[in-house]
Each structure stands twice: as structure tokens, then as C-alpha cells.
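Below: the structure, in C-alpha cells.
First the proteins, then the strands, lettered A, B, ... as listed; each starts at 1.
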Amino acid sequence: MGDLFVTPFIAGLLLALLLPLVGNLLRLRDEWLATLGLAHLAAAGALLGMAAHLPSFLGAWAGALTGAGAKRAGGGRSNSAYGLMILAGWALTLLVAANTALGDALAHALIDGQLYFAGWRELVIDVIVLLLALPALRWLTPRLIAARLFPERERANRLPAWRWHLGFDLLAASAIAAGTATLGLMASFALIFVPPWLAFRLAPDWRRAQWLAGGFGVAGYGLAFALALIFDQPFGPVLAAVFVALFGFSGLGRRPVSAEF
Amino acid sequence: MLRLVDAVAGYAQPVSPAATFSVARGEVVGLAGPNGIGKSTLLKAVLGAARLCAGRIERAPETRIGYLPQQPVRLPEVPLCGRELLAALGADRLAPPARLAERLALRIDRLSGGEYQLLMLWATLAGEGDLILLDEPTNSLDRAHIQTACDEIAAARGQRATLVVSHDRGFLEAVSTRIVDLGATHG
């Protein structure tokens, strides 16, 4: 691998580890569709930011935070709200692309996956996000598990639950923004969606679900990076195809969605 | 630890009759009454999940509540074992009953209905609550599980105040130190 690709590879590798871990908690909260909504808004924000000569991560972060704020203001979870986020992000991305000097090229880069353009700035941001996210996930996980399985516990005990619900929304928005700015929209979604899905089917407990999701993320990313480089293909679609193939080969797609009792 | 004075609970409209009783530390109070009279609604009013339409509900300051709902949340697919669930709730300091202990390494979505109910009951009893509210804790439990539930509620009694709602009068008589009949207080 030439020096040109080392920085993008490492930047993406960090996110290939982090995004599936965040995805496990999003799946626990039944919020995986929110991921796609936030990623679309992050892409739109990144493009708007670049049009204003700002770093792509700042725009992506602002876009994802706007989505997370709208979600909370709307009273929490709603697939309809997430659907609106997807439509709003998609429309805004393409309209900004069509009406600024950035043109289609950057919009396609964000949507298709522009990993090879990631540089030191993206790497530094990804390192910071990872270093903040790992201890935060450790603190948040038991609280979010308790909230999911005993939802009345927080209200009954007047717990300051907003801290961990808002904290996780911010963490997810930051991770998705970093992913969108580094890997592109659908590659980020693939990393946050498929490895947790596999881990939820296969892992015997939460600890090993974390290892499995992170492992699938890193392995799939490494394979996609190599395939895209060898066959000179765009990274984002190759990564998504690798994860779809991984899911198919696992044979899990043939199993019923509901759990076995 | 908990006192209700002429408390009427409901949502848009009142559901339960006025109820006056108290629950002290060391007591297990059974709340009996015919179906639909509002036993569960009264319990939810203590939590703040239903409306207090009239009367008063007083909780001792700093009281922490453990609550087992009538139908505990059951996720169709989640890679979480019983031991991890107890740890997340701070309910892993006490030794669980033997028949539950042997199932704690399994994913909670692979447990039978009775095993899952027993796990959720234990998670409530062994958690950090000083006031335990149990709504139909014998749902899905077979006879052996019910006996385990009775034993564990009795074992946890000393440090807690416990309020149990059940349609099963025999269970209430076995587990309670006192029974309040909501039907008898009606009218």
C-alpha cells in the first residue's frame, strides 16, 4: 500500500471499529433507521460546510446534531421522523450540489464514499472521536440497557435520564458525522447497520456482541479496502457489497427474524 | 415508606376507587380486588406513570423504587445474558435463587416465558429499590416458579417495603403480611 493510502486507511479503520459499537446500542434502542437519517443530514451538512469553505467534519457534525436535536424535540423515536430526515438530507445534499460551485462531484463523493480523499485532518478528528467515544460507551451502556428493559425505572426514581439519552444522541451524531466526512454516507451506514445485525444474531452475550460487531466491522473494512484498491473501484459501494455478501454467506438471512424460544 | 390517602388513580378519567393504606419497611402488602378495578393503575400512580385524580400519595424522601410491570419489556432479539442484565441494574450483589443462577449465562431472548419472568422479578427484588412494586409477578410462572418467587419476596422483605398486585388470591395470602382489598374499599 502506497503512502498515499496509509492515512485514509487508518482513519477509516478507526471508524470501522467504532461505528459497529455505536450501532449495537442503536440496535438495542431500535433506532437503526435513525442512523440513515442522521447520515443523510450529516452529508448535507458536510456539503453546506464545504460550500462555506469549512472543514467537512464541522458541517457534517452540525447536520447530524441538527437531526439529533430534531429527534429529541419531536419527543423521541418515530420512524416517520427518521424518514423525513432521510428525505430532507437527500434533497438538501443534491440541491446544494446543483446550485454551488462544488457541483455533482463532491455530492457523489459523499454519497458514494470518498475515503481516499481523507487526510490528516480527518484522521485527527477520528482519533479524537474514538478516544472520547470509547469511555463514554462504557458509561452509557448499562444505563441504556436498564432504560430499554425497565423504562419506568427512570421516571419512578426521578433519575437524570436526560444525561445518558442526550449523551448517547450526541455520541451517535458525532460518530456518524465523522463516518460521513471520512467514509461517505452509505459506507458509514453499512458499518453501523450490518455488523451489529450479525452480532445480535450470533453473540451469546453483550460483551461478545461488542467484540463480534467490532471484528466484523474491521474485517469487512479491510477486505473492502483491498478489493477497491486492487480492482480500482469506488470504496463505498465495495464496502456495502462486502457487508451484504458477508450477511448472505453467514446464512442468517434465511433464519426467522424473531428469536427462538 | 409509602402512604396513600383517599388516592384515586386514572388517566383521562378516574379508574380506581379511593384507597387509603400504607406500606412500611419489612411489610409485604398485597393489593387484591376484582379485574378492572384499577389495582395496576394505582400502582402506576405511585410511579408517576398514571394520574392521581384525587387524594394523596406520599413517599418517604429519597425512596428508591423497584418496579416490575404486569408485562415486562421483552425484546425479540438481544445479545444480553441474564448476568449482564443484573449487572446493568445494580442487582448483582446478592446470590440469585439456584434455579435462576444456572440460567444466567444464557441470552435473555432464549429464556422461556417463566424463566424470563423470574429473572425480571429477581432483577427488581435484588436491585437498589427500597420500595418494591410488583404488578402480577406470577404471570407466566408455573407452580415451582411461583414457590421460588414467594421465597425470594419473603427473603427480601426485611430491608424493603413491598406492594404486590395480583389476581391470584392464594399467592397474595402466601406472600403478604397484610392484604388490602381494593374492592372492599370501593364505595
Side-chain angles (χ1 to χ4, degrees), chain A residues 20-21 23-32 77 137-161 164 195-216 252-253 255-261, chain B residues 2 40 43-50 59 61-92 104-116 119-121 123-124 127-133 135 140:
Chain A
L21 302 183
N24 270 353
L25 282 172
L26 284 162
R27 194 163 192 87
L28 173 75
R29 288 158 61 96
D30 203 15
E31 291 187 327
W32 62 267
R77 303 163 182 172
L137 283 172
R138 194 177 173 82
W139 185 80
L140 287 166
T141 297
R143 288 163 177 82
L144 296 180
I145 287 172
R148 186 75 175 99
L149 288 160
F150 283 89
E152 299 294 351
R153 179 173 171 264
E154 294 170 346
R155 177 174 19 199
N157 291 295
R158 297 163 190 145
L159 298 176
W164 42 92
W197 193 4
L198 289 167
F200 266 52
R201 292 284 176 95
L202 295 172
D205 53 40
W206 188 263
R207 188 175 61 84
R208 279 177 276 194
Q210 295 289 80
W211 281 105
L212 263 183
F216 280 132
L252 294 174
R255 289 170 59 180
V257 171
S258 58
E260 308 85 346
F261 295 113
Chain B
L2 175 70
S40 298
L43 216 60
K44 286 182 181 170
V46 175
L47 299 173
R59 279 162 55 174
E62 307 300 319
T63 299
R64 289 167 300 177
I65 290 183
Y67 170 60
L68 178 69
Q70 194 168 3
Q71 290 178 319
V73 172
R74 180 135 208 204
L75 303 177
E77 186 173 72
V78 61
L80 185 73
C81 70
R83 191 167 289 116
E84 289 171 325
L85 171 64
L86 294 179
L89 292 160
D92 55 347
L104 286 182
L106 293 180
R107 283 171 60 130
I108 60 174
D109 57 0
R110 306 275 161 84
L111 298 176
S112 70
E115 288 168 342
Y116 187 75
L119 172 66
M120 298 305 261
L121 172 61
T124 308
E128 295 160 345
D130 310 300
L131 172 62
I132 305 294
L133 307 176
D135 194 354
S140 308

Non-hydrogen atoms of chain B under 4.5 Å away: do they reach the side chain of Phe200(A), the backbone, both or neither?
-> both
Looking only at heavy atoms, which two atoms of Arg201(A) and Arg107(B) are closest? And how far apart?
-> O-NH1, 3.8 Å
Interchain contact, Arg155(A) with chain B, by part (heavy-atom threshold 4.5 Å) = both
Got a sec, which residues hit ring-ring contact (aromatic ring centres under 6.0 Å, His included) with Trp32(A), two or more places apart in sequence or on another chain?
-> Phe193(A)
How far does CZ of Arg29(A) sit from CG of Leu75(B), to the nearest 0.5 angstrom?
-> 12.5 Å
When the 4.5 angstrom heavy-atom criterion is applied to Arg207(A) and chain B, the contacting part is both
Residues two or more places apart in sequence or in another chain: which of them pass side chain to side chain donor-acceptor pair (under 3.5 Å) with Glu84(B)?
-> none
Ile65(B) CD1 to Arg158(A) CZ distance, which is reported to the nearest 0.5 Å = 7.5 Å
Is the count of non-hydrogen atoms from other residues, nucleotides or ligands lying under 6.0 Å from Trp211(A) atom CH2 greater than 12?
-> no
Where is the tightest heavy-atom contact between Leu85(B) and Leu149(A), given as atom of each residue plus distance?
-> CD1-CD1, 3.5 Å
Side chain from CB out, backbone as N, CA, C, O: work out which of these in Arg83(B) comes under 4.5 Å of a heavy atom of chain A, or both, or neither.
-> neither
Locate the shortest heavy-atom distance separating Ala49(B) from Glu152(A); write the atom from each residue and the value.
-> CB-OE1, 3.7 Å
For the residue pair Ala146(A) and Ala88(B), what are the closest heavy atoms and their distance?
-> CB-O, 4.2 Å
What's the shortest heavy-atom distance between Cys81(B) and Pro204(A), and which atoms?
-> CB-O, 4.2 Å
Could you go through the side chain to side chain contact (heavy atoms under 4.5 Å, CB included) check for Phe150(A) and Val73(B) one step at a time?
-> CA-CA 7 Å; Phe150(A) 283 89; Val73(B) 172; over 6 Å; no
What part of Glu128(B) is in contact with chain A, defined as an atom under 4.5 angstrom from a non-hydrogen atom: side chain, backbone, both or neither?
-> side chain
Cut-off 4.5 Å, heavy atoms of chain B, and the answer for Ile145(A) is side chain
Kindly give the heavy-atom pair with the smallest separation between Pro79(B) and Ala203(A), and that separation in Å.
-> CB-O, 3.8 Å
Calculate, to the nearest 0.5 Å, the distance between atoms CD and CG belonging to Glu62(B) and Asn157(A) respectively.
-> 11.0 Å
